[in-house]
Amino acid sequence: MKKYVFAAAATLALAASSIAQAGPEAEVLHWWTSGGEAKSVAVLQQEFSANGGTWTDMPVAGGGGDAAMTALRARVLSGNAPTAVQLKGPAIQEWYEEGVLADISKVAEAEGWDKVLPASIAAHMKCEGQWCAAPVNVHRVDWLWANAEILSANGIEMPTSWDEFNAAAEKLQAAGVIPLAHGGQAWQDATVFEVVALGLLGAEDFHKAFVELDPTTLGSDKMVAVFDQMRRMRGYVDSNFPGRDWNLATSMVMNGEAAFQIMGDWAKGEFMAAGKVPGEDFLCASAPGAGFLYNVDSFAMFDVDGADKQDGQALLAKLIVGQNFQKVFNLNKGSIPARVDVAMDEFDSCAHLSASEMTASSEEGSLLPSYAHGMAMRGAQSGAITDVVTAHFNSDMSSAEAVKMLTQAVANSL
């Protein structure tokens with residue numbers, strides 16, 4: 001009998017020892033699945049493991065994060081939330097209001113995040129004054145990417161106005177070249193739309209339309225002009241665009257199948273992962289118009305039980321905003337660090353342009369949150385706008401009809 005008691009006690013002691021030595025754990029839900037993105041998230045996974053953590057990867061591909069949010073909703077409703085989730089903008093606040101986010105203020109205060117993050121970026125990471133998310137980077141959305149060889153062969157410079165873009169596109173079409181690589185997915189349509197909108201509306205009216213949701217601006221003649229330009233853009237894409245993923249559109253530019261792509265600087269991560277050189281193989285420029293549309297990737301921490309998972313959250317948050325990860329990750333991802341004190345020496349010319357124009361736009365009041373990428377407004381409103389944009393892009397709807405539908409859709413969503 002004593003033998004059995006001793007054996008049982010030893011088994012319990014061993015189990016307790018194993019639990020005590022488990023260390024930080026993190027199940028991480030994200031949608032970074034393309035080549036450049038997967039390489040980037042691997043940097044965080046490796047650094048987490050090097051610091052004694054156990055990482056469980058939960059990638060969910062497709063839809064610019066839409067599929068990941070569907071998976072997250074199912075997990076939360078089943079009472080089994082992941083440790084950390086790629087979230088951004090108002091979506092962070094929405095999940096906080098559901099009472100499912102963890103407070104990571106102790107880490108943020110210990111690491112001095114308020115001193116190294118721009119106030120506008122930090123504001124997205126706080127929920128009623130407490131830190132609930134950790135920023136990874138700053139992406140610029142309003143980029144124009146081009147195949148350098150195609151432009152050179154056709155005597156075309158990077159356009160600085162939409163009239164110049166249209167002239168270049170028509171010249172390319174006449175030469176048998178696809179002017180614009182695009183994927184027919186709702187979020188990609190919305191990306192092109194907001195870039196065109198910034199260029200034609202200007203920063204002030206863009207803010208009124210897509211941050212303030214001002215009905216007068218949404219229904220203005222300027223907005224009609226935005227949809228007019230979108231109709232022209234529809235004529236510059238190839239017939240096989242429906243359902244195409246964004247990275248496949250980037251590959252079209254990379255491989256010389258198309259001349260231009262309008263996409264955030266995660267596209268640069270694809271070029272770089274393929275060994276392409278900016279200024280030689282591909283060109284980058286801010287899209288026509290003044291301003292800077294930002295998209296900040298971040299990870300929100302969800303309420304979880306267990307010291308190992310909570311330790312994992314603390315370690316993960318510390319590493320995400322750490323100087324090393326901010327540098328290495330963004331060198332791979334194509335974005336720029338959220339921290340303002342990371343040396344840019346190793347970054348390419350496109351990143352330097354992004355950093356300098358972000359600073360200038362911040363000073364000029366034209367640093368604006370992207371609506372298409374979940375930074376400017378809540379899901380109901382952005383979804384209403386995108387539904388109209390996609391309906392217009394894929395039909396013969398007139399611009400006037402689209403603007404009328406836009407104002408009604410936004411009003412109904414409020």
Side-chain angles (χ1 to χ4, degrees), residues 31 63-66 68-70 72-73 85-98 101 118-128 132-133 135 138-142 185-220 222-223 226-227 230 264 289 291-298 300 361-362 365-393 402-414:
W31 60 88
D66 292 343
M69 292 303 97
T70 300
L72 173 61
R73 176 68 61 181
V85 179
Q86 184 183 354
L87 284 181
K88 56 190 176 182
I92 297 171
Q93 313 302 319
E94 290 176 347
W95 283 105
Y96 171 77
E97 289 166 7
E98 294 196 26
L101 294 191
S120 58
I121 304 302
H124 288 290
M125 306 299 130
K126 295 180 180 180
C127 300
E128 294 187 343
C132 50
V138 176
H139 273 300
R140 184 176 192 171
V141 175
D142 53 317
Q185 296 172 335
W187 73 269
Q188 292 190 61
D189 296 340
T191 297
V192 175
F193 174 76
E194 73 170 350
V195 171
V196 170
L198 177 62
L200 295 180
L201 295 177
E204 184 178 350
D205 280 347
F206 182 95
H207 191 278
K208 287 181 179 178
F210 301 110
V211 178
E212 301 172 31
L213 298 174
D214 173 56
T216 301
T217 308
L218 288 169
S220 66
K222 278 187 175 183
M223 194 64 73
V226 172
F227 279 100
M230 287 297 290
F292 186 114
L293 292 178
Y294 66 81
N295 172 27
V296 178
D297 286 314
S298 55
S361 294
S362 182
S366 57
L367 183 62
L368 297 162
S370 163
Y371 119 72
H373 295 274
M375 298 301 300
M377 65 186 79
R378 298 205 171 197
Q381 288 71 53
S382 63
I385 293 172
T386 298
D387 286 347
V388 175
V389 170
T390 299
H392 172 265
F393 197 74
V403 166
K404 183 178 180 180
M405 183 182 293
L406 180 69
T407 56
Q408 290 175 341
V410 171
N412 292 340
S413 71
L414 295 172

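The CD atom of Gln93 sits 8.5 Å away from the CG atom of Leu101 when rounded to the nearest 0.5 Å. Summarising the geometry, atom OG1 belonging to Thr390 is positioned 8.0 Å from atom CE belonging to Met230; distances are rounded to the nearest 0.5 Å. A distance of 7.5 Å separates CG of Leu87 from CH2 of Trp95, quoted to the nearest 0.5 Å. Atom CE of Met223 sits about 5.0 Å away from atom CG of Leu218, to the nearest 0.5 Å. In this structure, the separation between CE on Met375 and OG on Ser120 is 9.0 Å, given to the nearest 0.5 Å.
Residues Asp387 and Met405 are not in side-chain contact: their nearest non-hydrogen atoms beyond the backbone lie 4.5 Å or more apart.
Around CD of Glu128, the count of heavy atoms belonging to other residues, nucleotides or ligands within 6.0 Å does not exceed 12. Counting heavy atoms of neighbouring residues, nucleotides and ligands inside a 6.0 Å radius, atom CD of Glu94 exceeds 12 of them.
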Only pairs under 3.5 Å count here: list side-chain donor-acceptor contacts from residues 205-214, not counting sequence neighbours, and write none if there are none.
from	atom 1	to	atom 2	distance (Å)
Asp205	OD2	Lys222	NZ	3.0
His207	ND1	Glu212	OE2	2.9
Asp214	OD2	Thr217	N	3.0
Asp214	OD2	Thr217	OG1	2.6

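By the side-chain hydrogen bond (donor to acceptor under 3.5 Å, both in side chains) test, His124 pairs with Tyr294, sequence neighbours left out.
Shortest non-hydrogen contact noted between Pro90 and Gly374 is CD-O, 3.0 Å. Nearest approach of Ile92 to Cys132, heavy atoms of both residues: CG2-SG, 3.7 Å. When all heavy atoms of Val388 and Ala409 are compared, the closest pair comes out as CG2-CB, 3.9 Å. Closest approach of Pro135 to Ile121, counting heavy atoms only: CB-CG2, 4.1 Å. Considering all non-hydrogen atoms of both residues, Ser382 and Tyr371 come closest at O-CE1, 3.6 Å. Here the closest heavy-atom approach between residue Ala376 and residue Pro369 is recorded as CB-O, 3.7 Å.
Here the side chain of Gln86 pairs a donor or acceptor atom with the backbone of Trp31 at under 3.5 angstrom. Between the side chain of Thr386 and the main chain of Gly383, no donor-acceptor pair closer than 3.5 Å is present. Without hydrogens or angle criteria, Thr407 side chain to Lys404 main chain gives a donor-acceptor distance under 3.5 Å. Panel note: side chain Lys88, backbone Asn295; no donor-acceptor pair is recorded below 3.5 Å.
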Verify side-chain contact (heavy atoms from CB on, under 4.5 Å) between Val85 and Met69, making sure each step is shown before the conclusion.
CA-CA 9 Å; Val85 179; Met69 292 303 97; 4.2 Å; yes
From CA spacing to verdict: side-chain contact (heavy atoms from CB on, under 4.5 Å), Leu198, Val141:
CA-CA 11 Å; Leu198 177 62; Val141 175; over 6 Å; no
Stepwise side-chain contact (heavy atoms from CB on, under 4.5 Å) test for Phe193 and Val226
CA-CA 8 Å; Phe193 174 76; Val226 172; 3.5 Å; yes
